[in-house]
Amino acid sequence: GVGNVADVLMGIDWVLQRARQINIRVMNLSLGAASTDSFLVDPLARATRSAVANGLVVVVSAGNAGKDASGREVYGAVSSPAHEPSVITVGASNLRGSVDRADDVVTSFSSRGPTRGGFTFASGNRWTDNLIKPDLVAPEIEATHTQPSVALQAHAVARAIPTPRAARLPMDREGSR
């Protein structure tokens, strides 16, 4: 889809204004914008940080920039506001059609950190965010299995697991979509 940051900011503001009144507790943002700014100054990151500070759980997709045009894995392409530390950033995993977790991998299209947003201080010193993201991975939408769909859905939800820190570092990535 196509949209603009101003509309997303207005949507986040709408949720914040009504959260307590109509009991909104979780905000899901399945969107992302390219950003080279640090989460400290990025407008979407600041808006989602405000939502978290106001008691909402904010879940954001990591993005779909895990590969470049040549098909090579890309690190550091986590979109905004997924690079905000206070949100739960979700990447996609591939179950590889089995019930065994040992063969699960992060999908090749899913964005992953470390984040590369930055900020230059008045002194000229540069800050790079360098955060490990995503916070967790969940089965991609095209997951297939031989079990009935209800069993697969329950199985997929049960396997939405936090990624161990070592698994989120740019090393030993296998598998493709």
TODO: Kindly determine whether Asp135 and Lys133 satisfy side chain to side chain contact (heavy atoms under 4.5 Å, CB included), including the steps that lead there.
DONE: CA-CA 5 Å; Asp135 299 305; Lys133 291 283 189 167; 2.9 Å; yes
dist Asn130:CG -> Ser38:OG (nearest 0.5 Å) comes out at 11.0 Å
Quiz item: Side chains of Pro81 and Leu31: does their closest heavy-atom pair fall under 4.5 Å?
Solution: yes
* Look at the side-chain heavy atoms of Ile, Leu, Val, Met, Phe, Trp and Tyr, link any pair under 4.5 Å apart, and say whether Val57 and Ile24 land in one connected group. => no
query = Can you hop from Val52 to Leu136 via hydrophobic side chains spaced under 4.5 Å?
reply = no
ask   = Is there a donor-acceptor pair under 3.5 Å between the side chain of Asp68 and the backbone N or O of Ser70?
value = yes
CG of Asn54 to CD of Gln17, rounded to nearest 0.5 Å, is 11.0 Å
Note: Phe119 and Arg126 closest approach over all heavy atoms is N-NH1, 3.3 Å
Here the gap from Glu73 atom CD to Lys67 atom NZ, rounded to the nearest 0.5 Å, amounts to 9.0 Å
Nearest heavy-atom contact between Leu16 and Ala51 is CD2-CA, 3.5 Å
Check: Can Leu29 be reached from Leu44 by stepping across I, L, V, M, F, W or Y side chains whose heavy atoms are under 4.5 Å apart?
Finding: yes
According to a hydrophobic-cluster definition based on side-chain heavy atoms being under 4.5 Å apart (Ile, Leu, Val, Met, Phe, Trp, Tyr only), do Val90 and Val26 belong together?
yes
One should read off an interatomic distance between Thr48 OG1 and Phe39 CZ, to the nearest 0.5 angstrom, of 10.5 Å
inquiry  = Surrounding CZ of Arg116 (heavy atoms of other residues, nucleotides or ligands, distance under 6.0 Å), is the total greater than 12?
reply    = yes
In terms of heavy-atom contacts, Ala65 and Ser111 come closest through N-OG, 2.8 Å
For the pair Ser79 (side chain) and Ala62 (backbone), establish whether a donor and an acceptor sit closer than 3.5 Å, ignoring hydrogens and angles.
yes
Taken to the nearest 0.5 Å, the spacing of Asn125 CG from Thr120 OG1 works out to 9.0 Å
Review point. Any donor-acceptor pair under 3.5 Å linking the side chain of Ser35 with the backbone of Asp37?
Key: yes
Query - Derivation and outcome, side chain to side chain contact (heavy atoms under 4.5 Å, CB included), residues Val60 and Glu84 - result: CA-CA 9 Å; Val60 183; Glu84 164 55 41; over 6 Å; no
request  = Give a yes or no on whether the backbone of Asp103 and the side-chain of Asp100 come within a donor-acceptor separation of less than 3.5 Å.
outcome  = no
| query | Do the side chains of Val15 and Val8 join up, straight or via other hydrophobic residues, at under 4.5 Å, putting them in one cluster? | reply | yes
Checklist entry - Looking only at atom types and distance, does a side-chain atom of Ser93 sit under 3.5 Å from a main-chain N or O of Ala138, one as donor and one as acceptor? => result yes
- Message: Whether the side chain of Asp13 engages the backbone of Leu9 through a donor-acceptor N/O pair (distance < 3.5 Å, no angle test) should be reported.
- Response: no
Interatomic distance, CD1@Ile12 vs CG@Leu56, rounded to 0.5 Å, equals 10.0 Å
Looking only at heavy atoms, the pair that brings Val78 and Arg112 closest together is CG2-C, 3.4 Å
Around Arg20, counting heavy atoms of other residues, nucleotides and ligands shown, do more than 12 lie under 6.0 Å from its CZ?
no
Exercise for review: Could you tell me whether the side chain of Val58 reaches within less than 4.5 Å of the side chain of Ser86, counting heavy atoms only?
Suggested key: no
Item to complete: Indicate whether any N or O donor in one side chain lies under 3.5 Å from an N or O acceptor in the other, for Thr107 and Asn94.
Response: no
